Novice: 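First, the structure itself, so that you have it in front of you.
Throughout, a chain's letter reflects where its sequence line sits, starting with A, and its residues are numbered from 1. What you see is a predicted model, and the numbers here were worked out from it, not measured in a lab.
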There are 2 protein chains.
Amino acid sequence: MNIKEVAARAGLPAKTIRYYEDIGLIRPKRAANGYRSFADADAAKLQFLAHARGLGFTIEECRALLALYEDKSRASAEVKKLAESHLDRIAAKIAELRAMQATLSHLVHACAGDNRPDCPILQGIAERVV
Amino acid sequence: MNIKEVAARAGLPAKTIRYYEDIGLIRPKRAANGYRSFADADAAKLQFLAHARGLGFTIEECRALLALYEDKSRASAEVKKLAESHLDRIAAKIAELRAMQATLSHLVHACAGDNRPDCPILQGIAERVV
DNA sequence: CTTGACCTTCCCGTCACAGGAAGGCCCATA
DNA sequence: TATGGGCCTTCCTGTGACGGGAAGGTCAAG
């Protein structure tokens, strides 16, 4: 199948698929006219990649996961390690965002939001990060 | 003061401060030898920027906030609008991360993590995003 | 035969800097 | 006075994961 069809199947933009080929994540065959010709196995890989990216794994982690997925003799321990360290990253990012959220919503609540020129938000940013 | 001192005061790398000058966020004077010469007002702006960035505002939002901060006749309503839309973004990002977290921790929980080759994590990624 | 949809490669832009090279400046010490 | 080390400058490249768009080839329908 051509790139548009596999893109629709995997739920990825064609640009992204070309990029994945560029960086060696997939290696679709070429038709005589130079068009990429995707096999079902390529479509499956792309779906795998789309899902892994959707879970927030980096491209390099996706590369590793894909290799483990392709490798029938891999140990699941390695996969779990990858997933757990990613979970740690997610938790850290959430904590960071929640801290921002707490500070900022505190400032927003203190702000009348009218036409007066004194603004607790700007003051808060200028003076400290609460 | 020179760049190193203002960097220490604002808690920003010197590289970042040069970048902020490049994109027009600050305009420090120059000494005769070509060195940047930061006034206290510059240091205050840089602190403001450091705090705003720390709260997750983009550079362009910081530019707008800084302009509002400098403008004595601004209305706080505009500031509040900016802050609230940023809060929305934060909340959306948190929700996205929590969804990833839920799916991934579910998969990790289902994975024995031993040496057996069948891995629910890889299966989960391959088949669907739960 | 033309039209329009599809495909290709190539290059630049994104965001917010970080790293590093090459070279100039300043101050203290020998 | 020489020199060493730390500070400063500009300029260029790289990051991650693509997106936009130009220039041009290909294919199927009418």
Side-chain angles (χ1 to χ4, degrees), chain A residues 1-39 42-43 45-66 86 89-90 93 96-97 100, chain B residues 1-39 42-43 45-66 86 89-90 93 96-97 100:
Chain A
M1 78 197 89
N2 281 350
I3 199 167
K4 204 187 183 190
E5 189 182 343
V6 80
R9 282 204 202 176
L12 289 173
K15 274 274 185 185
T16 298
I17 294 174
R18 293 194 192 98
Y19 172 66
Y20 287 173
E21 184 187 11
D22 269 1
I23 63 173
L25 283 181
I26 51 168
R27 305 195 179 279
K29 288 185 179 163
R30 294 294 178 131
N33 58 13
Y35 287 18
R36 290 173 184 81
S37 175
F38 297 87
D42 294 317
K45 277 197 198 183
L46 286 169
Q47 260 191 25
F48 185 95
L49 289 169
H51 291 166
R53 292 285 302 131
L55 287 173
F57 287 103
T58 68
I59 289 283
E60 289 313 310
E61 286 167 339
C62 288
R63 192 193 300 279
L65 287 171
L66 199 55
H86 180 39
R89 254 190 3 236
I90 290 176
K93 189 72 190 169
E96 188 191 343
L97 287 168
M100 291 177 183
Chain B
M1 78 198 91
N2 283 350
I3 199 167
K4 204 186 183 190
E5 188 181 342
V6 81
R9 282 205 202 175
L12 289 172
K15 276 273 184 185
T16 298
I17 294 174
R18 292 195 192 98
Y19 173 66
Y20 287 174
E21 185 186 10
D22 269 2
I23 63 174
L25 284 181
I26 51 167
R27 304 195 180 280
K29 288 184 180 164
R30 294 295 178 130
N33 58 12
Y35 287 17
R36 289 172 185 81
S37 176
F38 296 88
D42 294 317
K45 277 197 197 182
L46 286 170
Q47 261 190 25
F48 184 95
L49 289 169
H51 291 166
R53 291 285 300 131
L55 287 174
F57 287 102
T58 67
I59 288 284
E60 288 314 309
E61 286 167 339
C62 288
R63 192 192 299 279
L65 287 171
L66 200 55
H86 181 39
R89 252 185 8 233
I90 290 176
K93 190 72 190 168
E96 188 191 344
L97 287 168
M100 291 176 183

Novice: Are any side-chain N or O atoms of Asn2(B) and backbone N or O atoms of Lys4(B), one a donor and one an acceptor, separated by less than 3.5 Å?
Specialist: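 No; zero donor-acceptor contacts below 3.5 Å.
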Novice: With heavy atoms under 4.0 Å as the rule, sort Ile23(A) into base, sugar-phosphate or nothing.
Specialist: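 No contact.
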Novice: Side chain of Arg30(B) only, please: which of dC7(C), dT10(D), dC18(D) is the nearest?
Specialist: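 Nearest nucleotide to the side chain: dT10(D).
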Novice: Expressed in angstrom and rounded to an integer, what is the separation of Asn2(B) atom CG from dT9(D) atom C1'?
Specialist: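 Going from Asn2(B) (CG) to dT9(D) (C1'), I get 12 Å.
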Novice: Measure from CD on Glu21(B) to C1' on dT10(D) and round the result to the nearest Å.
Specialist: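 So the two atoms are 12 Å apart, to the nearest Å.
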Novice: Any chance CZ of Arg27(B) has more than 12 other-residue heavy atoms, nucleotides or ligands included, within less than 6.0 Å?
Specialist: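 No, not enclosed.
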Novice: What integer distance in Å separates Ile59(A):CD1 from dG14(D):P?
Specialist: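 The distance from CD1 of Ile59(A) to P of dG14(D) comes to 19 Å, rounded to the nearest Å.
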Novice: Is the phosphate of dC18(D) approached by Tyr20(A) (side-chain N or O, under 4.0 Å from OP1 or OP2)?
Specialist: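 For dC18(D), OP1/OP2 do have a side-chain N/O of Tyr20(A) under 4.0 Å.
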Novice: Which whole-number value in Å describes the distance from Glu60(B) CD to dT14(C) P?
Specialist: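 The answer, rounded to whole Å, is 11 Å.
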Novice: Which part of the nucleic acid does Lys15(A) contact within heavy-atom distance under 4.0 Å: base, sugar-phosphate only, or nothing?
Specialist: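 The residue Lys15(A) makes base contact.
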Novice: Drop me the distance from Ile26(B)'s CD1 to Arg36(B)'s CZ, to the nearest 0.5 angstrom.
Specialist: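 Answer rounded to 0.5 Å: 8.0 Å.
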Novice: Could you tell me the separation between the CG atom of Leu25(A) and the P atom of dA17(D), rounded to a whole number of Å?
Specialist: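 Checked: the CG to P distance equals 10 Å.
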Novice: Does a salt bridge link Glu21(A) with Arg30(A), judged by any charged N lying under 4.0 Å from a carboxylate O?
Specialist: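 So Glu21(A) pairs with Arg30(A) through a salt bridge.
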Novice: Both Gly34(A) and Tyr35(B) contact DNA chain C. Which one's nearest nucleotide lies toward the 5' end?
Specialist: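 By nearest-heavy-atom nucleotide position, the 5'-most residue is Gly34(A).
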Novice: Quick one: which of dC17(C), dA17(D), dC8(D) gets closest to the side chain of Thr58(A)?
Specialist: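 Out of dC17(C), dA17(D), dC8(D), the nucleotide with an atom closest to Thr58(A)'s side chain is dA17(D).
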Novice: Name the closest nucleotide to the Arg36(A) side chain, picking from dA18(C), dA17(D), dT9(C).
Specialist: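 So the nucleotide nearest the side chain must be dT9(C).
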Novice: Does His86(A) use its side chain to pair, donor to acceptor, with the backbone of Leu55(A) at less than 3.5 Å?
Specialist: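 Checked: pair present.
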Novice: Starting from P on dC15(C), measure out to CG on Asp22(B) and report it in whole angstrom.
Specialist: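 Going from CG in Asp22(B) over to P in dC15(C) covers 16 Å.
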Novice: Let me know the distance between CZ of Arg89(A) and C1' of dG16(D), rounded to the nearest Å.
Specialist: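 Checked: the CZ to C1' distance equals 12 Å.
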Novice: Using a cut-off of less than 4.0 Å, is there contact between a side-chain N or O of Thr16(B) and OP1 or OP2 of dA16(C)?
Specialist: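 Checking Thr16(B) against dA16(C): no side-chain N or O falls below 4.0 Å of OP1 or OP2.
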Novice: Could you give the NZ-to-P distance, from Lys29(A) to dT8(C), as a whole number of Å?
Specialist: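 After rounding, the gap between these two atoms is 17 Å.
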Novice: Does dT9(D) have OP1 or OP2 under 4.0 Å away from a side-chain N or O of Arg18(B)?
Specialist: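 Affirmative; the distance criterion is met.
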Novice: Give the nucleotide from the list dC27(D), dC6(C), dC26(C) with an atom nearest to the side chain of Asn33(A).
Specialist: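 Side chain of Asn33(A) sits closest to dC27(D).
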